[in-house]
There are 2 protein chains.
Amino acid sequence: MQRVYLDNNATTIVDPKVKEAMEVYFCQQYGNPNSLHEFGTEVHPAMRIALDRLYAGIGARDEDDVIVTSCATESNNTVLKAIYWEVIAKTQKKRILTTPVEHPSVSQVCEFLQNQGAEIVELPLNQDGIVDLETLKAFLEPEKTALVSIMWANNETGLIFPIKDMATYTHSVGVLFHTDAVQAIGKIPVNVQEAPVDYLSFSAHKFHGPKGVGGLYIRKGAPFVPLLHGGEHMGGKRSGTINVAGMVGMGLAMELANEALPYEHTEVRRLRDKLEEAILSLSDTMVIGKREHRVPNTILASFRGVEGEALIWDLNKYGIAASTGSACASESLEPNPVMVAIGVDRELSHTAVRFSLSRFTTEKEIDYTIEVLTNSVKRLREISSTYTKKRR
Amino acid sequence: MQRVYLDNNATTIVDPKVKEAMEVYFCQQYGNPNSLHEFGTEVHPAMRIALDRLYAGIGARDEDDVIVTSCATESNNTVLKAIYWEVIAKTQKKRILTTPVEHPSVSQVCEFLQNQGAEIVELPLNQDGIVDLETLKAFLEPEKTALVSIMWANNETGLIFPIKDMATYTHSVGVLFHTDAVQAIGKIPVNVQEAPVDYLSFSAHKFHGPKGVGGLYIRKGAPFVPLLHGGEHMGGKRSGTINVAGMVGMGLAMELANEALPYEHTEVRRLRDKLEEAILSLSDTMVIGKREHRVPNTILASFRGVEGEALIWDLNKYGIAASTGSACASESLEPNPVMVAIGVDRELSHTAVRFSLSRFTTEKEIDYTIEVLTNSVKRLREISSTYTKKRR
């Protein structure tokens with residue numbers, strides 16, 4: 001059976017070039033980079049190249065830090081808990097401004113820190129499903145605020161937040177800014193000079209790198225406390241023996257992802273748009289968020305009368321992988337929070353299905369998906385009592 | 001040039017069988033295990049096998065937790081900070097009992113927590129270089145103590161601590177017990193039923209698994225707070241997309257390491273003893289710690305008049321990898337803390353060199369090492385002003 005992977009916002013295939021680059025660090029160059037002997041030092045050149053690629057990939061300056069972590073969840077926990085120890089626990093700035101649609105690795109940390117005395121304020125989304133600059137300005141009280149933490153692009157809708165404007169404004173009033181850029185890297189240009197964030201999290205496996213490795217950008221001078229104390233790796237900012245293969249893989253994956261950005265914005269977008277048009281050509285369907293506000297690979301669509309989960313199962317039977325939302329909360333039966341925030345009615349919010357493409361997605365796969373999807377929606381509506389009732 | 005890797009306490013070669021088992025999870029079965037579709041679920045059987053191997057490998061019961069982390073540094077940070085939030089911050093039990101020879105991922109966390117109100121007490125080592133049960137009994141005040149954290153085997157000397165007796169006693173007086181078992185797994189039997197610890201940390205890359213993945217055992221009912229909050233992976237105890245390849249690799253590595261224990265205790269021990277005898281047959285040398293108290297693969301030796309680092313460099317020129325101590329602090333010029341603790345004079349403590357073997361070490365490699373080492377020590381002593389002066 002044909003298999004079509006359209007869940008690239010959950011995780012991605014490792015680029016075969018990335019896997020190849022990692023190969024040598026398991027059974028050949030397996031030394032601990034902290035060791036003084038040749039088994040330790042022979043991996044340094046590749047690690048330097050990887051780090052250079054990460055710096056270049058997000059436009060970091062030499063004096064800034066980019067540390068290798070185990071995933072974006074670790075990066076997000078690191079930033080928020082560092083702010084807790086360095087700002088919230090020590091000063092009168094107790095507040096973190098965030099959004100109702102952050103990944104759980106931000107929102108759940110906020111909930112934890114709230115129990116330790118932090119004040120968490122969620123900025124309301126506007127009609128477009130994002131937080132706009134005016135809202136941030138209206139809510140941000142610099143003397144009370146330790147951190148603003150807003151994702152660069154949403155994992156479920158693909159909607160892009162105006163990070164450049166928000167980081168610039170937040171900086172101008174002397175408040176720290178963190179962005180979870182997990183869904184932005186490899187989909188849109190990400191540059192920490194243009195968008196002056198203080199902290200930025202990313203994860204290799206979302207841009208065709210391996211699972212188990214992520215990164216955290218820390219602007220020079222930004223307050224910091226390690227989440228992992230220990231043997232002073234990464235300049236004392238993240239201890240633990242460095243995952244050499246993972247670091248090398250992530251560096252190359254970052255470079256390849258940035259090289260592929262033009263392709264992402266032409267071909268991936270074209271295939272996404274083709275699938276989206278086909279969805280919209282069916283009756284009683286909608287796609288969440290204006291197309292021009294979204295990353296080029298994502299569609300969050302609703303099919304009235306069709307349970308999202310039923311459609312996922314139907315597609316899965318035909319080898320097509322899509323999602324009802326974030327893989328990180330895929331067992332939840334709550335309606336999609338973005339859809340709730342932008343005012344989609346509750347019935348429709350249960351019908352959301354996310355399709356997320358990548359540069360490995362082919363036209364043949366999209367054509368096949370359109371065919372299967374069209375038939376599935378038709379079949380599921382025929383057996384849906386609510387949908388047929390409504391149509392009568 | 002021949003290369004001989006005798007720094008297996010710093011990191012190990014990935015067993016080729018482990019690498020092979022991981023292969024498929026990069027470019028073929030790359031799904032996110034949290035996804036509902038087949039790309040997600042097809043990796044579940046391998047993950048279950050891996051978890052079964054980890055449980056079996058340390059004797060965990062079904063009702064206990066074994067969570068997959070990114071390294072033992074993360075596991076150690078997780079336990080100590082969980083105890084901070086759940087016990088130290090909430091109750092009158094402010095104390096952590098530990099030792100002066102823990103890995104930095106324990107000792108540095110303790111230092112951090114001391115600044116947050118924890119009371120850290122280091123138990124003195126006895127003449128054998130370990131903490132004995134009587135010392136623990138003398139120091140342990142149950143009503144004041146939140147946690148006892150003592151390593152199972154020391155990374156530098158290979159000395160084994162009496163964890164079974166200490167955990168049993170600590171449990172009997174109602175105090176929690178954590179052990180960093182990084183240097184024990186694969187070298188001696190480790191069983192959490194026989195030694196009733198509440199928490200146990202381990203790291204795959206120390207037993208021929210990949211870097212970037214570790215584990216944490218948590219006894220059922222033991223207090224816990226995640227270090228990584230987020231998408232509720234690992235039953236809510238450790239969030240972050242699961243490193244499937246790493247988890248599968250670690251599971252197999254654990255099984256292979258335990259299968260190889262008899263070989264470790266016969267052949268690896270024999271080769272270690274052969275190298276140790278050769279070292280002791282040189283004049284003015286010593287090996288730290290009684291042989292019967294050590295794991296079978298480790299020698300920490302001193303060569304009077306020879307700087308440890310000079311010897312490392314000399315060996316490295318001939319392709320032999322040894323260490324002056326922990327790779328996690330290899331740039332430190334402090335004398336070895338274990339040697340200081342057991343009363344080795346300061347001059348000698350700067351001459352310590354660690355040789356750590358593995359099941360991949362061959363007799364030919366040991367013979368070659370003995371030859372090179374003998375010549376190096378002779379040569380370095382000839383050019384050592386302090387040594388020749390003393391001999392006159």
Side-chain angles (χ1 to χ4, degrees), chain A residues 3 5 7 10-14 16 19 26-27 30-32 34-40 70-71 73-74 76-77 103-105 108-109 111-112 203 205 210-213 227-233 239-246 309 312 315-316 319 321-324 326-330, chain B residues 3 5 7 10-14 16 19 26-27 30-32 34-40 70-71 73-74 76-77 103-105 108-109 111-112 203 205 210-213 227-233 239-246 309 312 315-316 319 321-324 326-330:
Chain A
R3 300 225 301 172
Y5 187 71
D7 199 9
T11 193
T12 57
I13 186 172
V14 175
K19 178 168 187 288
F26 295 99
C27 304
Y30 53 83
N32 185 325
N34 267 43
S35 295
L36 299 174
H37 48 67
E38 193 186 290
F39 286 83
S70 67
C71 56
T73 288
E74 183 190 325
N76 287 338
N77 273 264
H103 187 267
S105 59
Q108 292 300 306
V109 184
E111 196 178 309
F112 172 71
S203 181
H205 79 96
K211 293 177 181 62
V213 60
L227 185 69
L228 303 194
H229 290 88
E232 303 290 308
H233 309 81
S239 297
T241 296
I242 293 166
N243 176 352
V244 179
E309 199 151 316
I312 294 301
L315 294 173
N316 185 54
S323 160
T324 50
S326 162
C328 304
S330 60
Chain B
R3 300 225 301 173
Y5 187 72
D7 199 8
T11 193
T12 58
I13 186 172
V14 175
K19 178 169 187 287
F26 295 99
C27 304
Y30 54 82
N32 185 325
N34 268 44
S35 295
L36 298 173
H37 48 66
E38 193 187 291
F39 286 83
S70 66
C71 55
T73 288
E74 183 189 325
N76 287 338
N77 272 264
H103 186 268
S105 59
Q108 293 298 307
V109 185
E111 197 178 307
F112 172 72
S203 181
H205 78 96
K211 293 176 181 62
V213 59
L227 185 69
L228 303 194
H229 290 88
E232 302 290 309
H233 309 81
S239 296
T241 297
I242 292 166
N243 176 353
V244 179
E309 199 151 314
I312 295 300
L315 294 173
N316 184 55
S323 160
T324 51
S326 163
C328 303
S330 60

**Student:** Look up atom CD in B:E309 and atom CG in A:L36, then write down how far apart they are to the nearest 0.5 Å.
**Tutor:**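 Taking CD in B:E309 and CG in A:L36, the distance rounds to 5.5 Å.
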**Student:** What part of A:T12 gets closer than 4.5 Å to chain B, counting heavy atoms only: side chain, backbone, both or neither?
**Tutor:**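 Looking at A:T12, just its backbone touches chain B.
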**Student:** Chain B heavy atoms under 4.5 Å from A:I242: which part of the residue, side chain, backbone, both or neither?
**Tutor:**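 Contact with chain B: backbone only.
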**Student:** Any idea which of A:E111, A:Q108, A:K19, A:H37 has the most non-hydrogen atom pairs under 4.5 angstrom with chain B?
**Tutor:**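 Greatest number of close heavy-atom pairs with chain B: A:H37.
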**Student:** Rounded at 0.5 Å granularity, tell me how far OG in B:S323 sits from CG in A:N32.
**Tutor:**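 B:S323 atom OG to A:N32 atom CG measures 9.5 Å (nearest 0.5 Å).
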**Student:** Does any heavy atom of chain A fall under 4.5 Å from the side chain of B:N77, the backbone, both, or neither of them?
**Tutor:**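 The answer is the side chain of B:N77.
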**Student:** Measure B:A245 against the heavy atoms of chain A and call it side chain, backbone, both or neither at under 4.5 Å.
**Tutor:**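 Neither part.
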**Student:** Among the options B:T73, B:I13, B:L228, pick out the one with the most heavy-atom pairs lying under 4.5 Å from chain A.
**Tutor:**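 Top count of heavy-atom pairs under 4.5 Å with chain A: B:I13.
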**Student:** Heavy atoms only: give me the nearest B:C27-A:P16 pair and the separation to one decimal.
**Tutor:**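 Answer, listing the atom of B:C27 first, then A:P16: SG-CA, 4.0 Å.
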**Student:** Only pairs of heavy atoms separated by less than 4.5 Å count here; which of A:A321, A:C71, A:G246, A:A322 has the most with chain B?
**Tutor:**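 It is A:A321.
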**Student:** Identify the two heavy atoms, one from A:S70 and one from B:E74, that lie closest to each other, and give their separation to 0.1 Å.
**Tutor:**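 Looking at all heavy atoms of both residues, the closest pair is OG-OE1, 4.2 Å.
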**Student:** For chain B, which of A:L227, A:V213, A:N76 has the most heavy-atom pairs under 4.5 Å?
**Tutor:**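 It is A:L227.
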**Student:** Within this structure, what is the CZ-CZ distance for the pair A:F39 and B:R3, rounded to the nearest 0.5 Å?
**Tutor:**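 A:F39 atom CZ to B:R3 atom CZ measures 4.0 Å (nearest 0.5 Å).
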**Student:** Rounded to the nearest 0.5 Å, how far apart are CG of A:L315 and CD of B:E38?
**Tutor:**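 Going from CG on A:L315 over to CD on B:E38, the span is 13.0 Å.
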